[in-house]
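Below is one structure. I have some questions about it.
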Amino acid sequence: MNRQVWLLTLLALLLVPAPAAGQLRYMGSLDLREQFNSDVQAGVVTEPGVPETDPQWDFVTEIEPTVRLYYNTPRHLLSLRYSLLFQVYARTMDAQEDRNLLGYANTLNAGYGYVIQRGTELAFQNRLSQGTEQAMVSGYMAGSTPRAGYHTTGSKFLTDTLVMGLGHEFNARWALLSRVSGDVYLAYDRFIDDDNRLIPPPWNFGVAVDESLQRNFGVGVFRVDLSYGWVRQYYDQEIRPFRGAFPEELDTMMGAAMLGWQQRLSEQWDYSLGLGVDVRALQEYEVVGQCLNVGGVPTCTAENRGYGDPGWGPAGEVMLRFTWQHWLGATLGYSHRTQRYIENRVGVAAEADEVGAGFYAYLDKWHFDANGAFRYMRISSQQLGAESETATMLGRAHAGVAYVIIPGVSIDLAYDFEATEDAVSYQWQQQQAGGPVSTEPVSYSYMRHLVTFGLSLAWPPPPPQELRFMRRES
């Protein structure tokens, strides 16, 4: 495996194009967008476990200025990107103020790459975002942990993601790629109404370590992937006790090991396969004494018992990819993962299947892209003769087209679709009759359509290759 492959892999972490050596370049852009949202209330939880079901459509006006800075030398590559998003809702009112809902989001991306020596490269990327929780920022959306909505400028978030990658080529056949990442999601100035109905998402902290050892056999590449992760979810106990009973923190430890194979069938086609195991363990608590009902909310005293017994399950993935030069490409993938773990002395099994596809084409002044994914997850648990099962289906799709009017000026039209359906059912053993008793599944679903028209202005006008990169970046 040659060193250029590893350098490109690390530059993918940076998400920046590589200008000529020693060149300092900058670019400013302004995006104006008008979006139709068929249901701004989709996924909003106004009572515990009772999502909002009345659709409310709206038009959202967005203004997003962006500044980019690139600099590189033969051994260094630096990139900075700052954007400020403003949102104005035409119909949705602020839950705290007597005015239309407003939103904003600041996002700063910083990347740095360094060639330590021939065959060894180091890369850093950091993404810092701050804004209102209903503002849509890449990777985070209002209430995504868990699904909920906060339709007020007063509820704000702060997120940060740091990634460090190190690639080393031992020789022409062996190479190693290491990656360490950390994530944090903090919410503050959270709006809670008089009835204490809005359920706050947890504060999330996470760390992940990934190692990939690769062996090039000429006809294909064999890899061994190992990963470890730790996630802590923190719930504000003053607003609502954690799960109505237990302390504020919940830690989860995760690990995975996978064997993979990647092979290029021709200049246009390649595929990859992977097979491995998923291992995880959750923090355990044990209730001490009797739970008291305080204000309608169960309040308990619990002791931390450390981590429960880890559970493991199979995992697999397959991907087929087609590329034609630099202007046409398509990808089709499928993955399966089984997670087993102990949660508060209850055995839990979760199985997830996901299918995804993507397409892009750059034809002179026309740019096309489309992608979609469908995920089906089943979660089951059993305790004291009672069984519960939750089935979740998630689907999303995107299609977009852009036309370059003149260098630096383009128009965009995009359609996005997202839908979800949850169904929960219970079954327990009836002691008197002796037969099983089942409940009718309680289901919830929502569907949302987004249509966005935009105008993009950039100065100085980017070259065609960089314009394609900017579209992938956004």
Side-chain angles (χ1 to χ4, degrees), residues 31-64 85-105 131-157 187 190-193 195 197-201 356 370-377 390-400 412-424 441-454:
D31 292 307
L32 308 174
R33 294 184 290 266
E34 186 69 21
Q35 181 184 87
F36 170 77
N37 189 327
S38 67
D39 188 5
V40 294
Q41 299 285 351
V44 172
V45 177
T46 56
E47 295 181 16
V50 182
E52 181 65 53
T53 57
D54 296 329
Q56 177 179 322
W57 62 269
D58 205 344
F59 285 96
V60 184
T61 301
E62 296 184 342
I63 303 175
E64 186 175 16
L85 171 67
F86 297 96
Q87 292 182 324
V88 180
Y89 288 73
R91 301 179 69 237
T92 305
M93 301 300 294
D94 193 297
Q96 284 183 290
E97 306 291 340
D98 186 20
R99 57 169 169 77
N100 290 66
L101 180 61
L102 304 175
Y104 74 91
T132 56
E133 287 198 279
Q134 85 278 0
M136 297 183 67
V137 181
S138 178
Y140 294 95
M141 185 173 134
S144 60
T145 52
R147 185 175 60 244
Y150 299 92
H151 289 159
T152 172
T153 308
S155 293
K156 301 180 181 66
F157 73 91
R190 176 64 53 66
F191 165 67
I192 300 296
D193 64 13
D195 296 326
R197 294 185 305 171
L198 293 181
I199 304 175
N371 60 74
F374 174 80
R375 188 178 193 186
Y376 180 62
M377 177 178 287
T390 302
T392 301
M393 291 183 290
L394 301 170
R396 63 170 181 83
H398 165 82
D412 301 75
L413 180 63
Y415 168 75
D416 292 271
F417 166 83
E418 59 183 39
T420 183
E421 180 174 356
D422 297 317
V424 183
V442 178
S443 63
Y444 159 70
S445 63
Y446 81 84
M447 185 180 301
R448 173 158 49 193
H449 305 269
L450 304 174
V451 180
T452 307
F453 177 77

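These figures come from a predicted structure and were not determined experimentally.
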Exercise for review: Please list, chain by chain and in numerical order, all residues satisfying ring-ring contact (aromatic ring centres under 6.0 Å, His included) with F453, sequence neighbours excluded.
Suggested key: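 With neighbours one apart ignored, the set is empty.
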
Check your understanding: Rounded to the nearest 0.5 Å, how far apart are CE of M93 and CG of D58?
Key ->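 These two atoms lie 10.5 Å from each other.
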
**Study point:** Separation of Q35 CD from Y89 OH (nearest 0.5 Å)
**Key:**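 Here the rounded value is 8.0 Å.
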
**Study point:** side-chain contact (heavy atoms from CB on, under 4.5 Å) partners for R375, two or more places apart
**Key:**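 Expected list: A352, E354, M377, L394.
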
Practice item. Tell me, please, which residues at least two apart from H398 pass side-chain hydrogen bond (donor to acceptor under 3.5 Å, both in side chains). Key: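 Once residues adjacent in sequence are excluded, the partners of H398 under the side-chain hydrogen bond (donor to acceptor under 3.5 Å, both in side chains) criterion are D369, D416.
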
Point to revise | With sequence neighbours excluded, residues passing side-chain hydrogen bond (donor to acceptor under 3.5 Å, both in side chains) with N100 | key: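 N100: no side-chain hydrogen bond (donor to acceptor under 3.5 Å, both in side chains) contacts found.
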
Check your understanding: Can you check whether W57's main-chain N or O pairs, donor with acceptor, with S38's side chain at less than 3.5 Å?
Key ->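 Checked: no pair found.
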
Practice item. Start with the C-alpha gap between M447 and D39, add the side-chain angles, then the distance that decides, and say whether side-chain contact (heavy atoms from CB on, under 4.5 Å) holds. Key: CA-CA 8 Å; M447 185 180 301; D39 188 5; over 6 Å; no

Practice item. Starting from the C-alpha separation in whole Å, work towards a yes-or-no answer on side-chain contact (heavy atoms from CB on, under 4.5 Å) for T392 and T420. Key: CA-CA 7 Å; T392 301; T420 183; 4.2 Å; yes

Check your understanding: Can you tell if the side chain of D31 reaches within under 4.5 Å of the side chain of E62, non-hydrogen atoms only?
Key ->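 Not in contact.
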
Check your understanding: Rounded to the nearest 0.5 Å, how far does CG of N37 lie from CZ of F59?
Key ->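 Reported value, rounded in 0.5 Å steps: 10.0 Å.
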
Practice item. Kindly write out the residues that satisfy ring-ring contact (aromatic ring centres under 6.0 Å, His included) with Y376, not counting sequence neighbours, or none if the list is empty. Key: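 ring-ring contact (aromatic ring centres under 6.0 Å, His included) check on Y376 returns nothing, list empty.
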
Review point. Atom OH of Y104 and atom NZ of K156: how far apart are they, to the nearest 0.5 Å?
Key: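 Between atom OH of Y104 and atom NZ of K156 there are 5.0 Å.
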
Exercise for review: Can you label the angle between the Y415 ring and the F417 ring as parallel, tilted or perpendicular, going by 30° and 60°?
Suggested key: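 Rings of Y415 and F417: parallel, under 30°.
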
Review point. Donor-acceptor pair, R448 side chain versus E418 backbone, under 3.5 Å?
Key: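 Such a contact is absent between R448 side chain and E418 backbone.
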
Practice item. Kindly write out the residues that satisfy side-chain hydrogen bond (donor to acceptor under 3.5 Å, both in side chains) with T61, not counting sequence neighbours, or none if the list is empty. Key: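 For T61 the side-chain hydrogen bond (donor to acceptor under 3.5 Å, both in side chains) partners, ignoring immediate neighbours, are E34.
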
Check your understanding: Checking side-chain contact (heavy atoms from CB on, under 4.5 Å) against L102, which of T92, V88, D94 comes through?
Key ->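 Filter result, single survivor: V88.
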
